[in-house]
Amino acid sequence: MTTSSEILLAGIKEHDPRAIGRAISVVENNGDGAADILTFLDQERISKVMVAGITGPPGAGKSTLTSGLITILRNSGKRVGIIAVDPSSPISGGAILGDRIRMMDHALDPDVVVRSMATRGRLGGLCASAGATVRIMAAAGCELILIETVGVGQSEMDIVQLADITVMVLAPGFGDDIQAMKAGLLEVADFLVVNKSDQPGASGLLMDMEQIFSAKEEESGIARVLETIASENRGLEELLQSMENFSDYLAATGQKEQRRNRALNAETIDWIIEMLRPRFQDAMNRSPSQKDPRIRAKELISKTLRVN
Ligand SMILES: Nc1nc2c(ncn2[C@@H]2O[C@H](COP(=O)(O)OP(=O)(O)O)[C@@H](O)[C@H]2O)c(=O)[nH]1
Ligand SMILES: [Mg+2]
């Protein structure tokens with residue numbers, strides 16, 4: 001192992017913010033020592049961490065809620081990691097500025113590690129790079145890692161796969177967004193948070209969500225539909241407590257391990273594709289073809305990898 005990787009690994013272990021930031025960058029850029037860092041991270045800390053994805057439509061209050069959760073966690077002396085997934089779309093670019101300003105509350109706190117990443121153009125896809133970032137933060141002693149995403153796209157599903165638990169933040173007045181998400185909601189979310197409970201329409205939304213989620217609540221005995229007013233820090237303690245209870249429940253029933261294994265498999269597949277890409281790109285460049293891509297892919301695989 002190189003001396004610089006050793007220094008970074010030691011820094012991670014001691015929760016040195018500069019070492020953490022540097023290590024994440026080295027891994028993201030696939031720089032010298034990336035493999036050493038990834039190989040020798042503290043696996044015990046990684047297995048204990050709780051990774052929560054915070055999703056939902058833009059404007060529902062995810063950043064406000066995330067910031068409020070950080071405050072509670074810091075007051076109880078816990079270290080926190082935050083990954084903000086930047087939207088690639090310029091349309092929602094404004095949301096990011098607001099997020100940055102909100103996160104400034106915690107900018108000077110060395111026990112809050114903040115990292116933002118773009119959804120496009122990542123080595124190995126979003127899931128892969130975010131996965132490594134999560135593990136470095138965990139190895140650095142972050143006990144809870146929150147991943148905030150924007151919108152409901154493919155990156156959102158990637159994050160859902162990566163996280164141990166998923167919190168969907170909704171708010172009254174997002175009728176169309178919520179209607180569009182309903183089908184997918186049950187599949188992906190562990191918690192539905194009706195934020196902006198101070199606004200008209202909140203109680204109706206809460207009733208709808210409770211109806212959708214009634215079966216899930218019975219399964220674990222933990223309330224999974226919660227009301228919050230993130231801007232007033234109301235309901236956040238209860239949400240965090242429920243998340244912790246649910247995480248314990250997942251661990252006790254073996255589901256946390258199952259979810260982790262599934263996530264690691266998905267990430268591995270991303271990397272397999274990423275690592276094979278140049279070979280296939282070469283093969284395609286060498287023999288241009290108008291063939292149907294599905295047929296061509298099968299032929300290229302059998303020729304390049306010698307399998308059927
Ligand atoms: N009335 C009300 N406004 C809120 C609440 N939570 C957040 N907001 C406001 O809603 C807007 C969007 O919040 P933000 O956290 O940026 O949403 P995000 O796009 O989901 O991250 C901001 O102006 C917040 O101050 C709430 O509980 N009640
Ligand atoms: Mg936000």
Side-chain angles (χ1 to χ4, degrees), residues 51-73 80-107 112-120 126 130 133 144-153 155-160 162-163 165-181 184-185 188-209 225-240 242-243:
V51 185
I54 313 283
T55 76
K62 297 179 296 297
S63 298
T64 312
L65 184 127
T66 301
S67 184
L69 292 178
I70 300 170
T71 304
I72 298 172
L73 289 158
V80 199
I82 310 297
I83 300 176
V85 177
D86 287 13
S88 311
S89 138
I91 300 159
S92 37
I96 290 300
L97 185 64
D99 291 355
R100 292 249 162 82
I101 292 165
R102 265 182 285 280
M103 286 307 158
M104 292 296 279
D105 289 350
H106 306 284
V112 179
V113 185
V114 182
R115 194 80 186 186
S116 55
M117 43 181 62
T119 47
R120 279 208 202 122
L126 176 68
T133 301
L144 196 137
I145 296 170
L146 300 170
I147 309 175
E148 185 196 333
T149 64
V150 183
V152 212
S155 66
E156 198 102 32
M157 296 307 284
D158 285 351
I159 293 301
V160 165
L162 184 74
I165 63 178
T166 302
V167 178
M168 180 82 67
V169 182
L170 305 170
F174 287 77
D176 290 348
D177 285 326
I178 293 165
Q179 214 52 48
M181 284 175 0
L185 275 185
V188 300
D190 297 305
F191 288 96
L192 290 181
V193 172
V194 176
N195 188 42
K196 306 198 185 183
S197 294
D198 55 323
Q199 298 289 318
S203 58
L205 177 60
L206 186 75
M207 272 161 60
D208 282 355
M209 295 303 127
V225 181
L226 295 111
E227 275 179 292
T228 57
I229 306 174
S231 52
E232 295 170 15
N233 291 315
R234 293 197 18 211
L236 302 188
E237 299 260 11
E238 292 83 351
L239 171 62
L240 192 60
S242 298
M243 287 163 67

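Start at 1 and go down the list; that is how both ligands and their atoms are numbered.
- In summary, the atoms of ligand 1 found under 4.0 Å from a heavy atom of Pro58, numbered by their order in the structure, are 19 (O).
- A search for salt bridge (Lys or Arg N to Asp or Glu O under 4.0 Å) contacts involving Glu238 returns nothing, not counting sequence neighbours.
- In this structure, Gln199 places its CD atom where more than 12 heavy-atom neighbours from other residues, nucleotides or ligands lie under 6.0 Å away.
- Taken from CG in Leu69 to CD in Glu148, the straight-line distance is 10.5 Å, to the nearest 0.5 Å.
- Per residue Glu148, closest N, O or S atom to the Mg ion (ligand 2): atom name OE2.
- Using a 4.0 angstrom heavy-atom cutoff, Gly56 does not count as in contact with ligand 1.
- Between atom CD1 of residue Ile83 and atom OG1 of residue Thr149 there is a gap of 11.5 Å, rounded to the nearest 0.5 Å.
- Numbered from 1 in the order shown, with element, the atoms of ligand 1 that lie under 4.0 Å from a heavy atom of Lys62 read 15 (O), 17 (O), 18 (P), 19 (O), 20 (O), 21 (O).
- Close contacts between ligand 1 and Asp198 involve ligand atoms 1 (N), 2 (C), 26 (C), 27 (O), 28 (N) [criterion: under 4.0 Å to a heavy atom].
- By the 3.5 Å distance cut-off applied to N or O atoms, Gly59 is counted among the residues near ligand 1.
- Atom numbering of ligand 1 starts at 1 in the shown order; those under 4.0 Å from a heavy atom of Glu148 are 21 (O).
- Using a 4.5 Å cut-off on side-chain heavy atoms (C-beta onward), Thr64 and Asn195 make no contact.
- Side chains of Ile70 and Ile82 form a contact here, defined as non-hydrogen atoms less than 4.5 Å apart.
- Residues Leu170 and Pro57 are in side-chain contact: their nearest non-hydrogen atoms beyond the backbone lie under 4.5 Å apart.
- Of the polar atoms of Leu65, none of the N or O atoms is found under 3.5 Å from an N or O of ligand 1, judged by distance alone.
- Looking at Gln199 next to ligand 1, an N or O pair under 3.5 Å apart turns up.
- Among the atoms of Ser63, an N, O or S atom is found under 2.8 Å from the Mg ion (ligand 2).
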